[in-house]
Amino acid sequence: MAQRRAKVERWRARGVDPYPPRFRRSHTAREAVAALEEAERTGHAPPRVTVAGRIVAMRQMGRATFIDLRDASGRLQTYHRLDVLGEEAYAALDDLDLGDIVGVEGEMFRTRTGEPTVQARAYSLLCKALRAPPEKWHGLQDTETRYRQRYLDLMVNDVVRERFRLRHRIVQAVRRYLDERGFLEVETPVLQPHAGGAAARPFVTYHNALERHLYLRIALELYLKRLLVGGYERVYELGRVFRNEGVTARHNPEFTMLEAYQAYADYNDIMELTEGMVAYATREALGSLQVPWGDTVIDLTPPWPRVPLREAIRQHTGVDIEAHRDTAALREAAAALGLAVDPSWDWPKLVDELLANFVEPRTLQPTFIIDYPVELSPLAKAKPGAPGLVERFELFIAGREVANAYTELNDPTEQRQRFQEQLRRRAAGQEEVELGDEDFLVALEHGMPPAGGLGVGIDRLVMVLTGQTSIREVVLFPALREKGPA
RNA sequence: GGGCCCGUAGCUCAGCGGCAGAGCGGGGGACUUUUAAUCCCAGGGCCGUGGGUUCGAAUCCCACCGGGCCCUCCA
């Protein structure tokens, strides 16, 4: 770094600002190459271009120097000759380093090997880098540095740069799909007096002026439903939610969730919406509905199978949960399958565990698991003619839960009872249950139209579509422990 | 919270009781169409941190810090 600082001073001594305020380029790297090809096709004189980018390679050969620049569009080689630039300008090339950002002006030509190249007439330093970029052969491998200093990862690892472009295309397509169907995108509070809408531990913060604790939201649901009460019939929010839990390959404490609510729809309509949306986003982002996953291929062509939860568990374990309505009986059956059963688990928790351990990881192809026990779904509407069940589905792809949805419960009296039931479950030992809040119940008492709602873990969806098994590979700056004193 | 693995030069990694190593990058030199340029020269280190064992520790043991994977939990 000392050497690079000395070079900064030499540029200054030469009367050059090593950090000039602006630079106008005429072409990106890709445009410059395209302009050359166009000139070659039409027989015109080669174009004169002004390009700019980071120095990613430099080959000095005495009285000639090749520099590879990279901008957002790609790489471009520039060629600098002593007899073209003159003594002074050519000698100053010695004070350039890998990682510096420079601008180069000159005519496009092709070298002996056919490489499109800028014949430099002039060049200028646009930003002197004081620290060296990662090594060029192996690039940056160290996962910790890749996450902590993501800019280095993006600088040298093309696949990573491309992956986050893909994430953008997926999110963009999801928005477009919903927008085109008349959904209104809204923003609801991140800081909430009660953290509801999911069963998870919230982050707690404190508002000084209000003199009260607030929670970072764990879901979007309860506010979006208030908007249905208000008269919007199709709303969605795509935003960050926060859950105060372990950091793993599948969990980041903050993650991006999509929730959408549609009045006068039920969970069957929402399944069609989900299929259509995911298939659309996949095709828009990847150009195909066949997605590589490990050594297999996931086919996202709709429609996707809809399997009742009871059937799914029976298929994968041989256990019929309806034949084990008694908690003790189901616990015994689960234990017989090799599940490490916690004695505090109640019947619905056991069902949830069977699902998570035996169905979810084995469900590679997109599958809707439908009709859940009411205790697991306190915000979902009961399924007519099916006591104890609600109209709910979860979408599994690549062994992961990607979406969760139901026909929304809009009976305020029953909703109040459901929340009380959750409180009883918690009192009986279940740590994480879904709690309601009075304001939400008051809203329901004003009347919410029948509706279907959907929640999609966007990071999970991006993982599936980009073939990644760690959420940190699809989140630009994943949560890491603070770097200690070495 | 539990288990397993990892931490050595700017980067990628060898070394695993006996002088701290290589490639790339960086420095000096040669070279006017190279592209992993090539060739010559000289450098570069609290071996994650702190204890312990030993005549002697990067190497063995313990603790701590940080990371990865799996389990737990969730989405």
Side-chain angles (χ1 to χ4, degrees), chain A residues 1-4 6-7 56-68 75-85 90 94 97-99 109-117 119 129-149 152 155-156 197-201 218-220 241-259 339-340 342 349 352-353 355-357 360 394-396 400-405 431-432 455-464 469-473 478 480-486:
Chain A
M1 230 177 39
Q3 288 161 341
R4 287 179 179 238
K7 289 180 181 182
V56 293
M58 184 152 54
R59 295 174 293 281
Q60 293 191 271
M61 314 191 50
R63 286 179 277 274
T65 297
F66 289 92
I67 292 177
D68 290 351
R75 280 171 82 121
L76 181 62
Q77 177 172 272
T78 64
Y79 179 50
H80 305 249
R81 292 171 63 113
L82 172 63
D83 57 4
V84 175
L85 290 176
Y90 191 82
D94 285 342
D97 290 296
L98 295 188
F109 76 108
R110 280 184 195 273
T111 63
R112 186 182 289 170
T113 54
E115 174 93 11
T117 303
Q119 168 74 256
L130 293 182
R131 295 177 189 267
E135 189 254 355
K136 66 176 175 181
W137 283 11
H138 311 86
L140 182 62
Q141 303 291 330
D142 182 68
T143 33
E144 183 174 356
T145 308
R146 287 187 49 232
Y147 298 154
R148 283 193 198 281
Q149 297 180 272
L152 296 178
M155 211 181 278
V156 299
R201 278 157 58 197
I218 58 174
L220 312 173
V241 299
F242 308 84
R243 298 190 182 178
N244 203 343
E245 287 164 5
V247 177
T248 76
R250 295 178 185 207
H251 302 89
N252 200 54
E254 49 180 308
F255 62 100
T256 301
M257 183 123 99
L258 164 73
E259 288 196 27
L339 198 64
D342 187 312
K349 174 68 177 172
D352 200 25
E353 289 292 331
L355 172 67
N357 284 285
E360 177 169 349
E394 289 186 303
L395 169 64
F396 295 98
R400 285 160 173 70
E401 182 190 341
V402 170
N404 178 25
E431 285 182 17
E432 288 169 12
V456 178
I458 293 294
D459 310 88
R460 291 264 175 94
L461 179 61
V462 174
M463 285 168 72
V464 169
T469 55
S470 172
I471 193 169
R472 298 188 194 94
E473 293 295 345
L480 296 176
R481 211 175 291 268
E482 193 176 2
K483 184 82 170 176

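On a predicted model such as this, the values are computed, not experimentally measured, just so you know. The sequence lines fix the lettering, A, B, ..., with proteins before strands; numbering per chain opens at 1. Only heavy atoms go into these numbers, but all of them, side chains included; no hydrogens, no water, no symmetry mates.
- Looking at heavy-atom distances under 4.0 Å, A:I458 makes no contact with the nucleic acid at all.
- Following rounding to the nearest Å, A:L82 (CG) and B:rC31 (C1') show an atom-to-atom distance of 13 Å.
- Comparing B:rG68, B:rU33, B:rC69 by their closest approach to the side chain of A:T143 singles out B:rG68.
- When the nucleotides B:rG26, B:rC74, B:rA75 are ranked by their closest atom to the side chain of A:E360, B:rC74 comes out on top.
- Side-chain proximity of A:Y79 to B:rC73, B:rG68, B:rU32: nearest is B:rU32.
- For the pair A:D97 and A:E353, nearest-nucleotide mapping onto RNA chain B gives the more 5' position to A:D97.
- Applying the 3.5 Å distance criterion, the base of B:rC74 shares a donor-acceptor pair with the side chain of A:R460.
- Taking atom C1' on both nucleotides, B:rA36 is separated from B:rU12 by 14 Å, rounded to a whole Å.
- If you take atom P in B:rC24 and the same atom in B:rA20, they sit 24 Å apart, rounded to whole Å.
- By the side-chain contact (heavy atoms from CB on, under 4.5 Å) test, A:A219 is found to be paired with A:A198, A:R243, A:M257, A:E259, residues two or more places apart in sequence or in another chain being considered.
- When both pairing distances are held under 3.5 Å, B:rC64 makes a Watson-Crick or G-U pair with B:rG48.
- With hydrogens and angles disregarded, a donor-acceptor distance shorter than 3.5 Å links the side chain of A:T78 to the backbone of A:I67.
- Residue A:G457 is classed as having no contact, given no heavy-atom separation below 4.0 Å to the nucleic acid.
- Distance from the side chain of A:R112 is smallest to B:rU34 among B:rU34, B:rG67, B:rA75.
- A distance cut-off of 5.5 Å between ring centres, combined with a plane angle under 30°, places A:F255 in a stacking arrangement with the base of B:rA75.
- Counting to the nearest Å, the C1' atom of B:rA75 and the CZ atom of A:F396 are 10 Å from each other.
- For the pair A:F109 CZ and B:rU33 P, the computed distance is 10 Å after rounding to whole Å.
- Straight-line distance from the CG atom of A:D94 to the C1' atom of B:rG29: 12 Å, rounded to whole Å.
- Taking atom CG of A:D68 as the reference point, atom C1' of B:rU33 lies 13 Å away to the nearest angstrom.
- For the pair A:M58/A:L98, a side-chain contact is recorded, criterion being any heavy-atom separation below 4.5 Å from C-beta on.
- When rounded to the nearest whole Å, the span between CG of A:L98 and C1' of B:rG26 equals 9 Å.
- The shortest side-chain heavy-atom distance between A:V84 and A:Y79 does not fall under the 4.5 Å cut-off.
- Using a 4.5 Å cut-off on side-chain heavy atoms (C-beta onward), A:E245 and A:H251 make no contact.
- The side chain of A:A249 lies closest to B:rC69 when the candidates are B:rU72, B:rC69, B:rU33.
- In terms of position along RNA chain B, the nucleotide closest to A:T145 lies nearer the 5' end than the nucleotide closest to the other residue of the pair A:T117 and A:T145.
- In this structure, A:E394 places its CD atom 11 Å from C1' of B:rC74, rounding to the nearest Å.
- The CD atom of A:E115 sits 11 Å away from the P atom of B:rU34 (whole-angstrom rounding).
- In this structure, the nucleotide among B:rC73, B:rC69, B:rU33 sitting nearest to the side chain of A:R472 is B:rC69.
- Rounded to whole Å, the separation between the C1' atoms of B:rC47 and B:rA22 comes to 15 Å.
- B:rG17 is unpaired under the Watson-Crick or G-U wobble criterion, no partner having all donor-acceptor distances under 3.5 Å.
- A:K349 has a side-chain polar atom (N or O) that falls below the 4.0 Å cut-off from OP1 or OP2 of B:rC74.
- Counting heavy atoms from C-beta outward, A:Q60 and A:H80 have side chains that stay 4.5 Å or more apart.
- Taking atom C1' on both nucleotides, B:rG2 is separated from B:rG44 by 42 Å, rounded to a whole Å.
- Going from the P atom of B:rA14 to that of B:rU54 covers 31 Å, rounded to whole Å.
- Residues A:R4 and A:R131 approach most closely at NH1-O, 3.6 Å, considering heavy atoms.
- You won't find any donor-acceptor pair under 3.5 Å spanning the side chain of A:Q60 and the base of B:rU34, going by distance alone.
- If you take atom C1' in B:rG21 and the same atom in B:rC16, they sit 14 Å apart, rounded to whole Å.
- Between B:rU34 and A:R59, no contact under 4.0 Å exists linking OP1 or OP2 to a side-chain N or O.
- The listed nucleotides are B:rG66, B:rC74, B:rG26; the one nearest the side chain of A:R148 is B:rG66.
- With both ends at atom C1', the span from B:rG52 to B:rG17 equals 15 Å, rounded to whole Å.
- An OP1 or OP2 oxygen of B:rC69 is reached within less than 4.0 angstrom by a side-chain nitrogen or oxygen of A:S470.
- For B:rU72, one of the phosphate oxygens OP1 or OP2 lies less than 4.0 angstrom from a side-chain nitrogen or oxygen of A:N357.
- Residue A:R400 is classed as having no contact, given no heavy-atom separation below 4.0 Å to the nucleic acid.
- Taking every side-chain heavy atom of A:T248 into account, B:rC71 is the closest of B:rU34, B:rC71, B:rU32.
- Between B:rU53 and B:rC74, the distance separating the two C1' atoms is 45 Å to the nearest Å.
- In this structure, the side chains of A:R472 and A:T143 stay at 4.5 Å or more apart for every pair of heavy atoms.
- Searching all strands for a Watson-Crick or G-U wobble partner of B:rA22 with both distances below 3.5 Å returns B:rU12.
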